[in-house]
Number of protein chains: 4
Amino acid sequence: MTNEVNIAHEVAQLAHVELYTPKLQESVAFFTDLLGMQVSATMGDSVYLRAYEDFYHHTLKLTAGPEAGLGHVAWRASSPEALERRAIELEASGRGIGWIDGDLGHGRAYQFTTPDGHLNEILWDVDYYEASEKDRTLLKSRPQKRPTQGVPVRRLDHVNLMCQDVTPNKQFMADTLGFKLREHVVVGPNEEIEIGAWMSVSPLVHEVAFMRDNTGNEGRFHHIAFWYGYPQHLMDIADLFVENNITIEAGPGKHGVSQAYFMYVLEPGGNRVELFGDSGYLIFDPEWKPIKWTEPELKEAIIWYGSPLPDTYFIYGTPEREPVLAEQSQTTKEPVK
Amino acid sequence: MTNEVNIAHEVAQLAHVELYTPKLQESVAFFTDLLGMQVSATMGDSVYLRAYEDFYHHTLKLTAGPEAGLGHVAWRASSPEALERRAIELEASGRGIGWIDGDLGHGRAYQFTTPDGHLNEILWDVDYYEASEKDRTLLKSRPQKRPTQGVPVRRLDHVNLMCQDVTPNKQFMADTLGFKLREHVVVGPNEEIEIGAWMSVSPLVHEVAFMRDNTGNEGRFHHIAFWYGYPQHLMDIADLFVENNITIEAGPGKHGVSQAYFMYVLEPGGNRVELFGDSGYLIFDPEWKPIKWTEPELKEAIIWYGSPLPDTYFIYGTPEREPVLAEQSQTTKEPVK
Amino acid sequence: MTNEVNIAHEVAQLAHVELYTPKLQESVAFFTDLLGMQVSATMGDSVYLRAYEDFYHHTLKLTAGPEAGLGHVAWRASSPEALERRAIELEASGRGIGWIDGDLGHGRAYQFTTPDGHLNEILWDVDYYEASEKDRTLLKSRPQKRPTQGVPVRRLDHVNLMCQDVTPNKQFMADTLGFKLREHVVVGPNEEIEIGAWMSVSPLVHEVAFMRDNTGNEGRFHHIAFWYGYPQHLMDIADLFVENNITIEAGPGKHGVSQAYFMYVLEPGGNRVELFGDSGYLIFDPEWKPIKWTEPELKEAIIWYGSPLPDTYFIYGTPEREPVLAEQSQTTKEPVK
Amino acid sequence: MTNEVNIAHEVAQLAHVELYTPKLQESVAFFTDLLGMQVSATMGDSVYLRAYEDFYHHTLKLTAGPEAGLGHVAWRASSPEALERRAIELEASGRGIGWIDGDLGHGRAYQFTTPDGHLNEILWDVDYYEASEKDRTLLKSRPQKRPTQGVPVRRLDHVNLMCQDVTPNKQFMADTLGFKLREHVVVGPNEEIEIGAWMSVSPLVHEVAFMRDNTGNEGRFHHIAFWYGYPQHLMDIADLFVENNITIEAGPGKHGVSQAYFMYVLEPGGNRVELFGDSGYLIFDPEWKPIKWTEPELKEAIIWYGSPLPDTYFIYGTPEREPVLAEQSQTTKEPVK
């Protein structure tokens, strides 16, 4: 079998995401009181959380910091051997940082950055969440009882990263980790500017998306998405958001890209969170040709039905940054984080 | 205008229901933790509750008692004058009990019993619920913020009473209070046995239903219904019920009668509670002819889609009673309560 | 009983609405192919339609005309006597036009105009729709089988009329027909300008709304609303609208006023149609105090959650008209229609 | 890489299913008028259909036959090389039949039978569906416009096969095609009888399930499942089924196994069809331990919420067969088909 075949199955899934927040307590309250998430552990400046159908120790790590933004994104390899192979490949790419011993909930991990500077890691060993007596459920594919608090999200779905330039990031994830391009958006007279790319290692349309940062900054974070799967839950949580002074930035509405029934909100720390209200669609075709949306098709790509996205959607990211002049952006290739 | 016209608008709505429960604390926990209801007050052996879109002081009064069952049903007249007129009419019917001074949340009320012996009252003066600072909402038609606890029901909808004989109860409500018959079920070779009657004073198909008690007992309680209006909420609360050992007796499913998307559960005290997951249909036609379901149409009347109702649905009521022999039932005309 | 009491129950419901369309065939196709409505009859330049849970002959009459706009709004009285009483009152108001013999589907009707010039009528005798053999259903509260075409709307819900000045129209409907004010919006330094009023004769928040025409024109039509009651159906029909080049103007989203889960589209003839995706809330309280939204509360009044309404929502009506200068508007008090 | 790793990704997806029906026309009408499926082609005694989000030429082939039952199940390999490797492995298993040239919509395929005798095939070359001008959509991940007919299913989901003995069938699919066991049910004093196994090659819980045939027969068909993903659609199609005399066998309800929100109906030809109303859950964990449900957990495995399944669910399959005596079943190891 060719290496190309192998690489397609080397990464299994998005394991967890770390976010910085300047308002740790309020952020934790948002994820627990409203989104019904569970605190697995607290250590130092970090709180570890998971949704009720997340199987591992945590899928979200909130860490106190001076400003909002991405801590890191963690991927689970599909085997111990795949982890070793990926570490070698990442090292060879020149973007490898090296091994860390692990963290609460998982073992050693190999760290690296995307070309745009987002910190990522890949790991194999994970701790499984074990429900306490009172949270034990009879539903054997569910790691704990469904919570009675808030409108509980079911699982981590994907992460969306802003980039100064989408293409090299996309290429890097494909070459080193085997991510497949599922959909992308290209604009410009010759379709030469790729402004968005949605990539996955599974039938999901994406576990990671890269979107052009219109401010010209590097390494910023666009959003993390948690999954409901039921459209009504977007209505329910929207109601709670309005009642509790959480800013809904956009939605509910339906994207053309990924067919996601979406809503975007800002958690109290300032990070954008997407709630995903249906299943979008799944890709099983092994010959899938990436869907290319061009400038005349942009409207349907962005919004299939529902209101247009506000300008903030295309500019706001964390950490907040002033727009960078074009000249400057050529010289500041160091990650912002 | 004829008296017949007048009586059609003398009663405005179902105001509240009192239920007895041998497990007060567990019953309160059921209605608050899972159904998201609010405790308005506690007095003596009673706890007063309301759903978050109920406007008055309470719509449910839970009172500790040796066994489950109906305390009383309270109706709000459509004006102070209507209250006085109804009291006179009830007095004249021979089923009047007399005035009480009121209770927490409302003023003087005139008490009476149905022919089957269910205690009812009619009142005018009500206290409105006033949200505390932290529960105040910007949605001005909503008396308080939507709760973040459980899958919160929105309002009290209707009450269903078991009867030894449906017809006199139906007739009594029509004659003394102006309830209109909306749907009924008749069986027997000559359609001579009325086994169910759904009646209302508003476009709702029913605020009260009478169903034949197949055990031959009198004055028992079948169920109280709280309203969601969204089908997904029946799925959500069903999930919580299973996780928390609440017995789902039937549903979700769709009745032919009333077109209600229903689910029935037993609260910990033993009383049956219906959760109403859509709007059924509304009746605006002033010439509405009561819908008569006959024996060959029984299947669709009971279940339009979904599984057949279990036998318990037709036999179980509160308080629990042994079946009464036909001869006995002729002689025990005193209310059971 | 006082006259005031009587008038509260003189009108039973919205019976039907006539709309003009410059594209009769395309308009009919919209209502039948996509909204699953049924053609009851065709006569002259008019096509008569109904939703599958509308009980009468028709609830929508589409008439070919040079431009889009309201034909008339028809109300059903609550009794033959109420019809006669209302005709007398309307005559006395100076806004009566007189009796017509009737139309397909109903008997004699008394015509009148609102102060803003919208043609209305009130009637008693109606023909009931009778399903043909193949459309007969076992669900006895449903006049015909649920259609398999499009995403079928269930029934006519309400009508929204644009006015040069809301207050006199509101007053007229209250005084002559007994409509109750349920919610209204007032703006200006002293809350002296009423820009919207929602009125009903039933527990629905409105069967008719009046909204200020920001172009200064008179007698224009804002929208007709058909009811689904299930939020998913707005997603489903939105999908079909996009696929079939129907302009979605706004939504799905949730109004604060009336708590309606809404979507607005333009039918091919140019008239605005609302699809109503839940039940909003119902008013049973006989002492209901109209909800007054003021300028600082406008945002929540208009949109509880979802995106802001586009400007067109506040300007566009049928027939299309240029904005009228303030001075002119003082002199052109004749209905535009 | 070991062979064991390779085999995990050799099969990509369920490609199509052929069913026999003694009422071809009525069966086609069921799938098109009610489930909104599209006819791709008709050839000889067969009609080829697809759901509107199925990408290939067809996913369902209906063939006229004397009695209902399975024609064959077709799997798509993940590459041309994988197809060749699987053919060799199947040949070696002794259950290979050989190559066929193909059919409408796909190229050469290697045929084989399960141990229980169900005809299967594996293929690589497929024809993609190309929408005609009028069915072309702007939603680029959707192969055609969403239909306006019926409540349209979105895609083929899985197939469920009845077996005299589940275990060898499960083992065969794992060994020759790399299917992973996701959930299973074992009963008996020592958990020695496997009565159900759910297997997949993707994050779906199953593309194929094997369930014990309690009649003792071999090679029968339990059901084919089409996917909606939205719970409301089960309510909508249930309504249409009742209106149109289609027998709903069970549901809507929620299985514990696979967490599927299900409904089962019999198409006019007699084959059981499942409609799948949500997403169940997805499995991304590369170390997934198959979930084992045992006898005391059977209730929750079968029904998480909703009514118990009827007895027919465990006995009825197509073709219909009399129960086989235990002795006989030892000797008739030939497939029934």
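First the proteins, then the strands, lettered A, B, ... as listed; each starts at 1. Because only heavy atoms are used, hydrogens play no part in the values below, and waters and symmetry mates are left out as well, while side chains stay in. Everything numeric here is computed off the predicted structure, so don't read it as measured data.
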Exercise for the section: Evaluate the criterion side chain to side chain contact (heavy atoms under 4.5 Å, CB included) for residue pair D33(A) and T148(B); output intermediate values, then yes/no. Expected result: CA-CA 7 Å; D33(A) 294 354; T148(B) 61; 5.7 Å; no
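- Between atom OH of residue Y52(A) and atom CD of residue E243(B) there is a gap of 8.5 Å, rounded to the nearest 0.5 Å.
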Problem - Derivation and outcome, side chain to side chain contact (heavy atoms under 4.5 Å, CB included), residues H233(B) and D236(A) - result: CA-CA 10 Å; H233(B) 293 167; D236(A) 294 342; 2.8 Å; yes
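- Residue with the most contacts toward chain A among D239(B), N244(B), T137(B), V242(B): D239(B) (heavy-atom pairs, distance under 4.5 Å).
- Atom CD of Q25(A) sits in a sparse spot, with 12 or fewer heavy atoms from other residues, nucleotides or ligands closer than 6.0 Å.
- Listed options R142(B), R146(B), K145(B) were ranked by heavy-atom pairs under 4.5 angstrom with chain A; first place goes to R146(B).
- Using a 4.5 Å cut-off between heavy atoms, P147(A) touches chain B through its backbone atoms (N, CA, C, O) alone.
- At most 12 non-hydrogen atoms from other residues, nucleotides or ligands lie less than 6.0 angstrom from NZ of K23(B).
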